[in-house]
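All values derive from a computational prediction rather than experimental measurement. Each chain gets a letter, A, B and so on, in the order the sequences are listed, and its residues count up from 1.
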Amino acid sequence: MSILRVENLTKTYSSGGRDLTVLHSVNFTLEPGDTFSIVGPSGSGKTTLLGLCAGLDRASSGSVYLNDIRLDTLNEDQRAAIRNQYVGFIFQNFQLLPTLTALENVMVPLELRGEKGAAKTAQALLERVGLGQRGHHYPTQLSGGEQQRVSLARAFANRPKLLFADEPTGNLDADTSSTVVDLLFELNREAGTTLVLVTHDMELAARTQRIIRIKGGTVINDRMTELLND
Amino acid sequence: MAWRDSRRSRQRLLLFMSAIVLGIAALVAINSFGDNLAQSIDDQARELLGADLVLSANDSTKEKLFYPLLDKVAPTTSRKLNNQSLVVTSPYEYTREISFASMVSFPKSQGVRLAQVKHLSPGDYGGGGSNDYPYYGEWQIIPQSAEKLWRSNLHRAPKTNYALVDDGLMIQFGAKVGDSVNVGGTSYKIIGRVLKTPGQSAVTTTVAPTVFLPFVAEGLIQRGSRVNYKYYFRFDTDRDVEKIAKRIGPALEKAGVSYDTVEGRKKQTGRSFADLTKYLSLVAFVALLLGCVGVASAVQLYVKEKVTSVAILRTLGASGRQAFLIYLLQTALMGLIGAIIGALLGSIVQLVLPRVFGNFLPITVETALSGPAILGGIGTGLLISVLFPCCPY
Ligand SMILES: Nc1ncnc2c1ncn2[C@@H]1O[C@H](COP(=O)(O)OP(=O)(O)OP(=O)(O)O)[C@@H](O)[C@H]1O
Ligand SMILES: [Mg+2]
């Protein structure tokens with residue numbers, strides 16, 4: 001059973017009467033527990049691919065199977081429910097809700113599910129990312145690295161099967177990045193989550209088991225890192 | 001979650017709330033006032049009229065017509081006592097009021113002005129003549145004792161030259177109780193100032209201030225003077241005055257006599273104040289409209305701010321309904337709070353409104369909280385606070 005399967009995924013944006021094909025017939029399959037990175041130049045379609053995998057957007061053709069559930073047959077709300085159940089997100093610019101405190105941000109995925117004891121779980125996660133004392137702070141009162149750690153805690157709050165991270169260190173300096181990345185891999189290992197990481201950073205990509213390169217919307221390279229390192 | 005999220009955007013929501021507060025306050029104040037006005041007119045219509053039935057004519061000979069007409073629908077009964085004397089009982093009593101315009105002068109200040117002169121006397125027919133008008137409501141006279149003095153003087157013969165003078169007129173000429181007033185060459189002693197008589201507001205008496213005289217001196221009414229005769233009736237309580245009026249009404253009107261009943265006065269007063277209420281409603285509506293504009297712009301800002309948040313929530317797996325509810329709940333809650341504050345404010349303002357309009361109104365507007373106005377206001381507030389965020393911008 002695969003956790004994520006992408007078949008002939010094509011995405012075409014049409015704007016101003018012109019069609020722009022951002023992804024051409026992308027294929028790959030991920031098994032549970034895999035760590036996987038997508039690398040490629042800016043504008044190559046990485047974020048678009050991630051969005052399609054998470055059911056945030058619809059493909060023009062082809063399909064995405066998340067935990068063997070075919071996403072394109074579901075409506076928005078059903079896909080949202082799938083996301084809440086199986087998927088965690090980390091973004092380059094954190095995307096914390098500015099009106100909520102750190103603790104409350106971490107509680108959101110749990111509350112959306114109607115889970116009890118959300119505050120306790122969230123507090124434990126904050127402690128895990130080293131922000132146990134900062135729960136009552138608002139995002140604007142936290143540094144970038146701290147915000148990203150909060151969003152890590154949030155991403156793991158619903159014990160996702162699949163974690164999507166879109167350039168999680170893009171806005172952080174080298175030192176902060178390494179703290180966040182270490183945490184990311186640690187949490188990932190502990191939870192046995194499948195990780196899909198989008199990055200420019202080859203060094204970071206090398207820490208995952210598998211890398212695909214895309215360029216101009218086409219997968220030009222897909223291999224295991226062990227081979228790469230050899 | 002909705003509540004927590006609102007913390008950071010309180011200022012925006014406060015703006016939004018204040019717009020609602022003002023709009024609803026105006027609406028509730030004016031609707032409450034309208035309700036109270038209608039209620040007061042209903043309650044006080046009898047006092048407005050001072051009688052059950054008022055007939056008015058412009059010549060004295062018409063009084064002869066009433067009796068046979070009334071006798072058909074409300075006959076007098078007579079019975080002989082043992083000693084053969086005849087006792088006539090009438091189902092009504094009535095007071096005659098003669099009024100006409102005349103120049104009055106105040107010797108002390110040498111002031112002269114045209115005033116309405118009124119004289120009250122018992123009606124002549126049906127054995128029901130009395131001098132007790134107003135039968136409902138009361139005169140407000142300073143000093144209060146002047147009314148008693150005035151009434152006792154009416155039964156005296158010959159009558160003393162006493163007069164009751166409208167408060168406004170006395171103020172205008174700096175006259176005091178005890179001074180004299182000249183009407184048609186006769187001097188009268190002012191024994192009281194009249195603040196209010198049934199059916200008159202301070203404003204109408206300013207236009208035509210009244211001087212009450214105990215008798216109409218010879219020659220005071222000249223040929224060609226426009227004299228108005230009014231007959232104030234009070235019927236026994238078991239009589240249906242509206243029915244009586246309806247039955248004799250056509251004949252009276254044919255004879256050039258107009259009539260007014262409590263119901264008629266209610267309608268008429270209601271009608272003349274319907275314009276006032278309508279105008280006020282328009283004011284309230286404009287206030288609400290401005291409130292809506294405020295709400296709309298506040299909500300627009302708010303929505304703009306929340307678009308990203310909604311996107312994040314959706315990414316984290318919130319259903320459309322959840323995300324929508326979280327933010328709708330906020331505006332609805334603020335709308336509700338705003339509307340309640342507005343309703344409260346409006347209810348306070350409506351307590352003040354009668355003071356503002358009091359002098360223009362012939363009645364005392366009882367200020368009571370108007371349930372329908374308050375509920376309506378809160379409902380409206382909630383509605384606009386829920387509908388406006390749903391509007392696409
Ligand atoms: N909504 C859209 N409408 C039209 N074109 C779009 C839209 N979203 C993305 N694109 C285009 O699709 C292409 C791929 O965008 P995408 O964001 O997936 O790139 P990316 O690989 O994530 O780049 P980066 O590394 O800079 O984040 C770009 O050329 C972009 O202009
Ligand atoms: Mg991108």
Side-chain angles (χ1 to χ4, degrees), chain A residues 47 50-51 53-57 66 74-91 93-115 118-119 122 136-141 151 153-158 160 162 164 166, chain B residues 1-20 295 297-338 385-386 388-390 392-393:
Chain A
T47 299
L50 217 57
C53 289
L56 292 173
D57 200 359
L66 207 159
L74 305 179
N75 67 25
E76 292 258 4
D77 279 350
Q78 288 169 324
R79 280 180 288 159
I82 296 282
R83 273 200 297 280
N84 186 249
Q85 201 177 347
Y86 299 115
V87 179
F89 276 100
I90 296 169
F91 302 95
N93 49 0
F94 326 130
Q95 302 289 20
L96 296 174
L97 291 166
T99 49
L100 300 184
T101 63
L103 183 71
E104 288 161 1
N105 262 289
V106 179
M107 285 164 67
V108 169
L110 298 167
E111 290 197 318
L112 287 175
R113 277 186 188 192
E115 218 163 275
H136 58 282
H137 283 116
Y138 287 95
T140 49
Q141 298 167 318
S151 81
R154 179 178 69 181
F156 283 98
N158 58 345
L162 195 55
F164 292 107
D166 192 351
Chain B
M1 162 104 200
W3 172 245
R4 287 203 297 260
D5 182 83
S6 76
R7 271 189 314 235
R8 274 311 182 83
S9 35
R10 292 277 160 79
Q11 267 171 341
R12 239 190 260 311
L13 289 171
L14 218 63
L15 182 75
F16 163 77
M17 226 163 85
S18 58
I20 294 219
V295 170
S297 51
V299 164
Q300 194 176 7
L301 274 171
Y302 173 78
V303 167
K304 226 185 244 165
E305 219 177 54
K306 291 302 174 198
V307 166
T308 334
S309 295
V310 169
I312 295 172
L313 278 176
R314 295 286 278 150
T315 305
L316 295 179
S319 67
R321 222 174 62 102
Q322 277 177 320
F324 181 69
L325 277 181
I326 285 171
Y327 295 105
L328 189 69
L329 216 66
Q330 282 184 24
T331 54
L333 195 71
M334 291 301 130
L336 187 67
I337 295 174
S385 64
V386 169
F388 270 85
C390 295
Y393 292 99

Side chains of A:Val108 and B:Leu313 in contact at under 4.5 Å (non-hydrogen atoms):
yes

Heavy-atom contact with chain A under 4.5 Å, split by part of B:Ile312
side chain

Does the A:Asn84 side chain pair with the main chain of B:Leu316, one donor and one acceptor, at a distance under 3.5 Å?
yes

Can you name the nearest heavy-atom pair linking B:Ser309 to A:Pro98, along with the distance?
OG-CD, 4.1 Å

Region of A:Ile82 in contact with chain B, defined by heavy-atom distances below 4.5 Å
neither

Where the side chain of A:Arg83 meets the backbone of B:Arg314, is there a donor-acceptor pair that is under 3.5 Å apart?
yes

Just by modelled atom types, is the A:Leu112 backbone N or O under 3.5 Å from a matching donor or acceptor in the B:Gln322 side chain?
yes

Pick one of side chain, backbone, both or neither for A:Arg79, based on which atoms fall under 4.5 Å of a heavy atom in chain B.
neither

